[in-house]
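Quick notes on the structure that follows.
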Number of protein chains: 2
Amino acid sequence: MSNLKLLAQSLGLSITTVSRALDGYSDVAPATRERVQAAAQAMNYRPNPAARSLRRRKAEAVAVTLPTEPGRFGPPIFLNMLAACGQRLAEEGLDLMLLPIAGRTGEMDTYRRLLDGRRADAVIVVRTRLEDERVAFLKERGIPFVTHGRTARSEEHAFIDGDGEAGFREAAQMLASLGHRRIAHIAAPQELTFAHFRRKGWRAALNELGASEALEYTAQPTEEGGYEAAQWLLQHSAPPTALLCATDSMAIGALSALKERGFIAGRDIAVIGHDNLPSAAFTDPPLSSMEIAAPDVGRQLAEMLIDRLGGRKPSELQTILPVRQVPRATHGPAN
Amino acid sequence: MSNLKLLAQSLGLSITTVSRALDGYSDVAPATRERVQAAAQAMNYRPNPAARSLRRRKAEAVAVTLPTEPGRFGPPIFLNMLAACGQRLAEEGLDLMLLPIAGRTGEMDTYRRLLDGRRADAVIVVRTRLEDERVAFLKERGIPFVTHGRTARSEEHAFIDGDGEAGFREAAQMLASLGHRRIAHIAAPQELTFAHFRRKGWRAALNELGASEALEYTAQPTEEGGYEAAQWLLQHSAPPTALLCATDSMAIGALSALKERGFIAGRDIAVIGHDNLPSAAFTDPPLSSMEIAAPDVGRQLAEMLIDRLGGRKPSELQTILPVRQVPRATHGPAN
DNA sequence: TTAGATCTCCAAAACGTTTTGGGAAGTCAA
DNA sequence: TTGACTTCCCAAAACGTTTTGGAGATCTAA
């Protein structure tokens, strides 16, 4: 409603001085600055964001693109993470834009539109794949970005990720120490980075243990996928005694398949998931899981974006967060 | 990168003409228009959004404010709804901004900042309460908005909502027809609109049935809340034979409490939830639930916002979507 | 043939900031 | 007293659109 011109008039100052006073330049007298600040407060002045970004040639916004295609979208906590991220960004005057994209094909179109149109100064890339063309595109254009999850070329860009590899290795080792020898993995599609690392951790543990066979089944990271995988694994000639699942959603599906066959998880067969979903504590039996040990991934993500926009180098902005085991009742000893 | 000036120069036309040609005004010759369009395409021209909204005095954006306070945020499908909404808005050239807000107090501050700063042309209000100060504020300021969920003064504003009342009435009636007489309700806090209507539907059914008592317990709409509620209800002197839960999350918590007491849902006691969470089909036994019968709530929400921005009256933009029962295995007959 | 209507086009003025390049006092040192 | 520095302020030029208010042609009707 009110703008710099009005403010300047009412103060008997020039627009320039008012602007500089509010921006904290040193070339305005302390007394004037205070006068200006008081008036701005009184008139409830807020700089017009459009005018500001037109002049500054910055959008003052960060975009996160959401692949909507495969129906479901990641763990439910995801929105909370975005909210936390947005909250921190807001403190810096940055808006968080949600950019949904149609299919895998439309994805790059959206990116181009986004960047040709200068609608965002930086981008958050989620649901990263090992070979991710979005990352390639952003790097080529020189747009600052942070990925949520690593890629095959992580050393070249900023990212934040949980150490799924260590988590799964640890979980598999624990299962082994409980006497399990046939520890199967219910994997998510391997082009997804998180799936790749979780599987890798499981494999590493098996290798260390000198396991001869490594039973696994890949499915969609949903309850359906986990159900299907468990069914397949259980009808194997030498069925596994433990199921290490890429996600809690899959683990919940697996639990359902086990129940159908009369197995009791934690007694007849061990099950462990990842994500520590809110409902994980309320499955029957309560699901053993693991989770990123940091309470504020969203905030850290925001912090990295801010640093990146401030010119900090990508190589200094690479965070791998430790994963903590959340043992419950589905991972008893082997029989 | 390229702008109207460059485009105009390369075509030997004025900026005005180029602008009007691209905007489809009738005062530019068809031949010229085509020439301009071709050139724009070739130079990959995109209007600068900041300049455009500065001049048009519109933000070309819609904001949705996310209460982050009570930790968890609504059903997991919520993000998908937002994505669908954003996708439709994008077709109209509108951005979707995520505005996280700290506490209930910070909420109004954020609204003020948002609107004084002209950062959004319209607002989506989620997690509505019956008496919602956000709605009052927006109405007073005359900002177009659509609420996701009704309020006590719904007739005065645009909203989209599921018919939870009918859904819960129907569910209670079905339970009664199965012989249940003590149908308890696990309620969510009644200031939340959805909770109010679901409870209302349950009460209506009980009244129609001439039930003398109406057992209920209110808790947070989480698994923990449902667990706590079920525990309380079961130690009643005349315990219920059916639990009608405000949300699936609560129902999942309730299932866990039942299991602990050795009850089998669907045989010893009936349980029904609402939302049809992805995991509802994989609880043990699979959870009977209900859901909004429309596949595209997000898109409809976007459509209403667009209409509202186009000047359509709120009274014409009020959608109550039917709720469909999703019967599974937790609602057997009474013993 | 001419007055008016119709077609095309355009110069210039916004929109509200930030930033550049000073300018006018006042201060200090010599 | 003078010249060089500071200190505090400002006019004007961007930034890239859209919109206003015409101006020249060309066409139409009498």
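We name chains A, B, ... by the order of the sequence lines, and we start the count at 1 in each one.
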For DNA chain C, whose closest nucleotide is more 5', that of A/Lys5 or that of B/Val28?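 That would be B/Val28.
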Counting only N and O atoms by type, is there a donor-acceptor contact under 3.5 Å from the side chain of B/Asp121 to the main-chain atoms of B/Ala59?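 Yes.
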[N] [atom2] sits how many Å from [X] [atom1], rounded?
X       : N      : atom1 : atom2 : answer
A/Asn3  : C/dT18 : CG    : C1'   : 14 Å
B/Arg35 : C/dT8  : CZ    : P     : 14 Å
A/Leu54 : C/dT18 : CG    : P     : 11 Å
A/Asn48 : C/dT18 : CG    : P     : 10 Å
A/Arg56 : D/dG16 : CZ    : P     : 16 Å
A/Leu11 : D/dC10 : CG    : P     : 10 Å
B/Ile15 : C/dA13 : CD1   : C1'   : 13 Å
B/Leu4  : C/dA12 : CG    : C1'   : 15 Å

Select one nucleotide: of [options], the one nearest the side-chain heavy atoms of [X].
X       : options                : answer
B/Ala29 : D/dC10, C/dC9, D/dT18  : C/dC9
B/Arg57 : C/dT17, C/dG16, C/dA12 : C/dG16
A/Arg20 : D/dT18, C/dT19, D/dT17 : C/dT19
A/Thr16 : C/dT20, D/dT18, D/dC9  : C/dT20

Under 3.5 Å, is there any donor-acceptor pair linking the side chain of [X] to the base of [N]?
X       : N      : result
A/Arg55 : C/dT17 : no
B/Ser14 : C/dA11 : no
B/Asp27 : C/dC7  : no

Before giving the answer on side chain to side chain contact (heavy atoms under 4.5 Å, CB included), spell out for B/Arg153 and B/Glu131 the whole-Å C-alpha distance, their side-chain angles and the decisive distance to 0.1 Å. CA-CA 8 Å; B/Arg153 268 180 269 296; B/Glu131 300 296 339; 3.1 Å; yes
What is the ring orientation for B/Tyr111 with B/Phe137, classed by angle as parallel under 30°, tilted 30 to 60°, or perpendicular over 60°?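 Correct class here is perpendicular.
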Compare side-chain N and O positions of B/Tyr25 against OP1 and OP2 of D/dT20 and report whether any pair is under 4.0 Å apart.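 Indeed not, no polar side-chain atom of B/Tyr25 lies that close.
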If every non-hydrogen atom of B/Arg113 is compared with every non-hydrogen atom of A/Ala90, which pair is closest and at what distance?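 In this case the closest contact between B/Arg113 and A/Ala90 is NH2-CB, 4.2 Å.
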Please report the C-alpha distance between A/Arg150 and A/Asp161 in whole Å, then the side-chain angles of each, then the deciding distance to 0.1 Å, and finally whether the salt bridge (charged side-chain N to carboxylate O under 4.0 Å, His left out) criterion is met. CA-CA 6 Å; A/Arg150 280 161 284 178; A/Asp161 203 352; 2.9 Å; yes
With sugar-phosphate meaning primed atoms plus P, OP1 and OP2, does B/Thr32 contact a base, only sugar-phosphate, or nothing at under 4.0 Å between heavy atoms?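 Contact class for B/Thr32: sugar-phosphate only.
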